[in-house]
Amino acid sequence: MAENTLMEKLVSLAKRRGFVFQSSEIYGGLGSVWDYGPLGVELKKNVKDRWWRAMVHARDDIEGLDAAILMHPRVWEASGHVAGFTDPLVDCKQCKNRFRADDKRIKGTPGQPDAQCPVCGSKGTLTEPRLFNLMFKTFMGPVEEQAAIVYLRPETAQGIYVNYQNVLNSSRQRVPFGIAQIGKAFRNEITPGNFIFRTREFEQMEMQFFVKPGTDMEWFERWREWRMEWHRSIGLTPTKLRWHAHGPGELAHYAKAAYDIEYEFPFGWQEIEGVHNRSDFDLGRHQEFSGKKLEYFDQAANERYLPYIVETSAGADRVTLTLMADAYREENVEGETRVVLGFDPGIAPIKAGVFPLVKKDGMPELADRIYHDLKKQFPVFYDDSGAIGRRYRRMDEAGTPFCITVDGETAAGQTVTVRARDAMTQERVAIAQLGEYIGSRIRGG
Ligand code: GAP
């Protein structure tokens with residue numbers, strides 16, 4: 001399948017089945033902002049729940065946090081975002097479009113007469129590159145003035161650093177320990193795109209692990225291993241995952257070492273998560289800018305130090321897109337194309353479809369009862385419209401792993417057919433066993 005075609009098909013399926021819609025669509029949309037529909041919100045919630053379970057519930061050395069999006073403006077001076085979170089941009093004086101200075105479509109050198117605008121084609125109309133900060137600004141309080149500026153956070157990490165002592169003092173944790181958080185972040189990206197891959201409003205799943213200096217590289221390696229394992233555990237194809245090590249020129253200002261987990265999207269290998277050794281940069285800067293001591297006192301060793309931080313930072317939207325791209329397949333079944341989202345059952349937004357074979361002979365009533373019983377345990381979907389084959393196809397596109405059909409034998413034998421999405425095989429299962437049947441197949445999910 002051609003690469004662009006696959007993305008186009010994915011965007012179209014996402015809208016058709018209610019995964020993702022363009023924001024404010026009836027007004028023509030808002031650039032690179034997306035809304036999650038009924039299936040999308042379930043899928044993304046499953047991603048976040050799996051992350052939370054692995055990072056917080058399954059471990060006893062990580063605490064959860066939900067810090068506010070708006071923070072004291074000094075936070076972003078300390079973090080380096082006010083001075084350094086910038087992209088070099090050029091403007092076309094003719095068509096008023098704006099581009100990153102390194103946009104591969106630009107011919108010639110911006111600012112020089114030979115430079116050509118990639119949109120309107122004018123020559124000599126591109127300005128010299130200027131630095132543009134990616135943080136969204138807004139005003140706090142009734143007055144729109146410089147002193148009232150606050151930023152929409154461009155990462156959730158800073159909310160963790162400034163709360164590190166609060167968490168330490170209110171929990172029973174000792175270094176080494178971590179703080180995990182899931183939340184919205186905002187970046188005024190200049191070249192957003194590829195659907196929900198790079199957006200201006202997105203959710204991050206970030207964990208900051210505080211360690212004794214000198215043990216940081218050991219923890220860094222452990223976290224690399226655990227994070228890669230997590231991506232495999234949600235069902236991503238292992239051969240489409242790889243590591244990318246940041247070379248000296250690529251390292252962010254805070255990083256001592258950094259690796260990205262990359263996935264092979266239809267548009268190439270791209271980062272889905274970063275694992276960073278941030279050294280004592282963050283706590284050091286916040287100590288300096290706030291004037292508050294942020295050192296840790298190790299009672300057992302009777303020593304004080306500023307912990308080093310190992311960060312794992314993944315995008316919930318990006319992982320959701322990765323799951324959709326990874327799951328998408330087309331098959332030829334008896335001369336017709338079957339579109340399937342082959343999600344791992346644990347991550348699938350709907351676990352089972354429930355259908356009466358026909359709308360008579362008591363089948364709808366029985367199916368409705370089964371549907372309401374199962375709904376207490378799992379997200380399930382009732383469908384009685386159209387031929388059974390079409391109902392199966394709709395569930396295949398939604399990525400639903402099981403389809404339960406009430407047929408002519410159900411009333412007498414108290415059994416139904418359960419059709420497996422991938423193999424398309426059917427087996428008879430007792431109604432009383434359905435909860436256990438589905439539950440055992442989505443465990444881990
Ligand atoms: N605290 C470190 C940090 O924010 P990052 O590499 O800039 O590091 C981490 O971002 C992750 O957040 C990325 O791997 C990606 O999954 C997600 N992310 C970053 N920018 C994004 C955007 N504009 N749209 C969607 N996800 C984004």
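All ligand and atom numbering here is 1-based and tracks the order in the structure.
Contacts between Glu273 and ligand 1, counted as non-hydrogen atom pairs separated by less than 4.0 Å, involve the backbone only. Residue contacts with ligand 1 for Gln208 are absent, since no atom lies close enough (heavy atoms, distance under 4.0 Å). Residue Arg198 touches ligand 1 through backbone and side chain together, judged by heavy-atom distances below 4.0 Å. With a heavy-atom cut-off of 4.0 Å, Ile272 touches ligand 1 through its backbone alone.
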Table please: side-chain donor-acceptor pairs of residues 128-136 below 3.5 Å, with sequence neighbours left out.
residue, atom, partner, partner atom, Å
Arg130, NH2, Asp91, OD2, 2.3
Asn133, OD1, Met135, N, 2.8
Asn133, ND2, His81, O, 3.0
Asn133, ND2, Val82, O, 3.1

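Atom CD of Glu189 is separated from atom CZ of Arg198 by 5.5 Å, given to the nearest 0.5 angstrom.
Counting protein heavy atoms only, atom 17 (C) of ligand 1 is closest to Gly315 CA, 3.7 Å. At the shortest separation from atom 14 (O) of ligand 1 among protein heavy atoms lies Glu271 OE2, 2.6 Å. Atom 24 (N) of ligand 1 has its closest protein heavy atom at Thr199 N, 3.0 Å. Ranking protein heavy atoms by distance to atom 10 (O) of ligand 1, first place goes to Gln204 NE2, 3.5 Å. The closest protein non-hydrogen atom to atom 18 (N) of ligand 1 is Phe202 CE1, 3.6 Å. Here the protein heavy atom with the shortest distance to atom 9 (C) of ligand 1 is Ser313 OG, 2.9 Å.
Ring geometry, Tyr254 versus Phe281: the interplanar angle falls from 30° to 60°, so the pair is classed tilted. Ring planes of Phe265 and Phe267: parallel class, angle under 30° (limits at 30 and 60°).
Phe19 has its side chain within reach of Leu13: a pair of non-hydrogen atoms, C-beta onward, lies under 4.5 Å apart.
When the options Glu206, Gln158, Arg187 are ranked by their closest heavy atom to atom 5 (P) of ligand 1, first place goes to Arg187.
Each of Phe209, Phe210, Trp219 was compared with Phe177 under the ring-ring contact (aromatic ring centres under 6.0 Å, His included) criterion, and only Phe210 meets it. Of the candidates Asp87, Ile106, Val90, Asp87 is the only one forming a side-chain contact (heavy atoms from CB on, under 4.5 Å) with Arg100.
Any N or O atom pair closer than 3.5 Å counts here, and Glu311 shares at least one such pair with ligand 1. For Ala314, no nitrogen or oxygen atom sits less than 3.5 Å from a nitrogen or oxygen atom of ligand 1, counting backbone and side chain alike.
Residue contacts with ligand 1 leave out Arg153, since none of its heavy atoms falls under 4.0 Å from the ligand.
Residue Arg278 approaches ligand 1 through these ligand atoms, each under 4.0 Å from one of its heavy atoms: 1 (N), 2 (C). Near Phe197, the atoms of ligand 1 lying under 4.0 angstrom from a non-hydrogen atom of the residue are 24 (N), 25 (C), 26 (N).
Here side chain to side chain donor-acceptor pair (under 3.5 Å) pairs that include residues 33-43, with residues two or more places apart or in two chains, are Tyr36-Asp317.
Under the 6.0 Å cut-off for aromatic ring centres, Phe195 and Phe197 do not qualify, their centroids lying 6.0 Å or more apart.
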Query raised in the report: Between Asp282 and Tyr164, does a side-chain hydrogen bond (donor to acceptor under 3.5 Å, both in side chains) hold up when you go through it step by step?
Result: CA-CA 11 Å; Asp282 304 284; Tyr164 134 84; over 6 Å; no
